[in-house]
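Values below: every heavy atom of this structure, side chains too, minus hydrogens, waters and symmetry copies. Just so it is clear, the structure is predicted and the values come from calculations on it, not from any experiment.
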Amino acid sequence: MSRAVVLLSGGLDSATCLAWARDRGFDCATLAIDYGQRHRIELEAAARVAEALGSRDHRVVRVDLTAIGGSALTADIPVPRGRNVAAMAAEIPVTYVPARNSVFLSIALGLAETLGSTDLVAGMNAIDYSGYPDCRPGFLRAFEALAAVATRAGAEGSRFTVHAPLMELDKAGIIRLGTSLGVDYSLTHSCYDPAPDGRACGACDSCRLRRAGFRAAGIPDPTRYVSPPED
């Protein structure tokens, strides 16, 4: 079995990616990043998902992006609530974390090189309404080119691949895929601004997209909400 490093946030998308990678025959090492995120409860979800989906090597790396700030997830900036899809798509939201996926993939690349792997798996999605610039195909191809010149393995002729199996799927398609692969979405966490007891707020962009995805997929949403998003 070829090894792969799977970025695992604990959310719906990354859990689906892990299930996809295992279904493709990869021996998966999972990597969660504790970057000082407002919703750190997702790290607990990542550990649950890793165990449930059979990751034999789950690691958590601490990188304090609160020192940079600039995002509602890493600074004292309110998380947007109650927005419709049009509002979400109108601009890059304040929940964008500057250079986050560049940082995450760089750490995953380092782990992959250490493990002798050339395959990275991540949950970037180009049609999700979050509109993050580091979730687009051009970014991933550029990162692969970087990996070829920035690593010893690359200099010796290895070529790294960033697999993004969700890139062209909407949220309903992601949920259908994960369900077909046996993902238990009750183990995952998506909310940007959860209650102290871990319940999802039901109003942030992530909660609203998650709820709409389950509804469109025709699959019951197992999320515990403080207040379920309006349909």
Side-chain angles (χ1 to χ4, degrees), residues 7-19 30 32-53 60 66 71-97 100 123-125 127-132 135 166 169-231:
L7 281 169
L8 187 65
S9 68
L12 183 155
D13 293 349
S14 66
T16 305
C17 283
L18 175 55
T30 48
I33 310 294
D34 179 356
Y35 61 97
Q37 59 268 54
R38 177 191 296 263
H39 54 311
R40 292 186 72 255
I41 193 170
E42 71 176 2
L43 298 170
E44 299 173 16
R48 293 193 299 265
V49 170
E51 181 177 7
L53 292 178
V60 180
T66 65
S71 167
L73 302 188
T74 56
D76 189 19
I77 300 171
V79 171
R81 290 173 174 252
R83 304 200 305 168
N84 59 29
V85 167
M88 293 180 203
E91 60 184 1
I92 296 172
V94 295
T95 51
Y96 163 72
V97 178
R100 177 177 62 180
M124 288 75 174
N125 180 275
I127 64 173
D128 193 334
Y129 293 106
S130 57
Y132 297 160
C135 289
L166 314 184
L169 294 178
D170 62 14
K171 196 65 76 178
I174 293 168
I175 291 167
R176 292 189 191 102
L177 173 61
T179 299
S180 74
L181 296 173
V183 176
D184 179 356
Y185 286 119
S186 71
L187 302 177
T188 66
H189 178 89
S190 299
C191 179
Y192 291 149
D193 195 17
D197 63 2
R199 287 180 297 163
C201 73
C204 69
D205 292 357
S206 186
C207 280
R208 292 175 69 85
L209 290 171
R210 178 179 173 118
R211 178 74 165 188
F214 276 105
R215 185 173 66 251
I219 294 172
D221 182 0
T223 309
R224 295 188 307 120
Y225 292 106
V226 173
S227 178
E230 295 180 3
D231 293 335

Inset, instruction - Under the side chain to side chain contact (heavy atoms under 4.5 Å, CB included) rule, what do E91 and Y96 come out as? Steps first, then yes or no, please. - result: CA-CA 11 Å; E91 60 184 1; Y96 163 72; over 6 Å; no

Legend entry - Donor-acceptor contact present, side-chain S206 to main-chain S190, <3.5 Å: yes

Inset, instruction - Kindly give the heavy-atom pair with the smallest separation between R208 and A203, and that separation in Å. - result: CD-O, 3.4 Å

Inset, instruction - Give, for atom SG of C204 and atom CG of L209, the distance between the pair rounded to the nearest 0.5 Å. - result: 8.5 Å

Legend entry - Heavy-atom closest pair, residues G213 and I175: C-CD1, 3.4 Å

Inset, instruction - Starting at CZ of R38, measure out to CG of D193 and round the result to the nearest 0.5 Å. - result: 5.0 Å

Legend entry - Heavy-atom pair of closest approach, residues A72 and P78: CB-O, 3.7 Å

Legend entry - Salt-bridge present (D34, R40; N to O < 4.0 Å): yes

Inset, instruction - Find the distance between CD1 (I219) and OG1 (T179) and round it off to the nearest 0.5 Å. - result: 3.5 Å

Inset, instruction - List the atom of S186, the atom of D184, and the distance in Å for their closest heavy-atom pair. - result: OG-OD1, 2.6 Å

Inset, instruction - Side-chain contact test, heavy atoms from C-beta onward, threshold under 4.5 Å: evaluate it for S14 versus L8 and give yes or no. - result: yes

Inset, instruction - Quick one: pull up OG1 in T188 and CD in E42 and give me the separation to the nearest 0.5 Å. - result: 11.0 Å

Inset, instruction - With the side chain counted from C-beta on, respond yes when L43 and Q37 share a heavy-atom pair under 4.5 Å apart, and no when they do not. - result: yes

Inset, instruction - Please check if atom CG in D76 has more than 12 non-hydrogen atoms from other residues, nucleotides or ligands closer than 6.0 Å. - result: no

Inset, instruction - Look at the aromatic rings of Y185 and F214 and report parallel, tilted or perpendicular, splitting at 30° and 60°. - result: perpendicular

Legend entry - 4.5 Å side-chain heavy-atom contact, R83 and D205: yes

Inset, instruction - Scan side-chain atoms only and decide if R100 and T74 contain a donor-acceptor pair under the 3.5 Å cut-off. - result: no

Inset, instruction - Can you see which heavy atom on A46 is nearest to which on A32, and at what distance? - result: CB-CB, 4.1 Å

Legend entry - Residue pair T95 / Y132, side-chain heavy-atom distance below 4.5 Å: yes

Legend entry - Closest non-hydrogen atom pair between V97 and S71, with its separation: CG2-OG, 3.4 Å

Legend entry - Side-chain donor or acceptor of T223 paired with backbone N/O of Y225 under 3.5 Å: no

Inset, instruction - Any chance you could measure D13, atom CG, to N125, atom CG, to the nearest 0.5 Å? - result: 6.5 Å

Inset, instruction - Check whether any side-chain N or O of R48 sits under 3.5 Å from a backbone N or O of L187 as a donor-acceptor pair, and report yes or no. - result: yes

Legend entry - Straight-line distance of L53 CG to L181 CG, nearest 0.5 Å: 9.0 Å

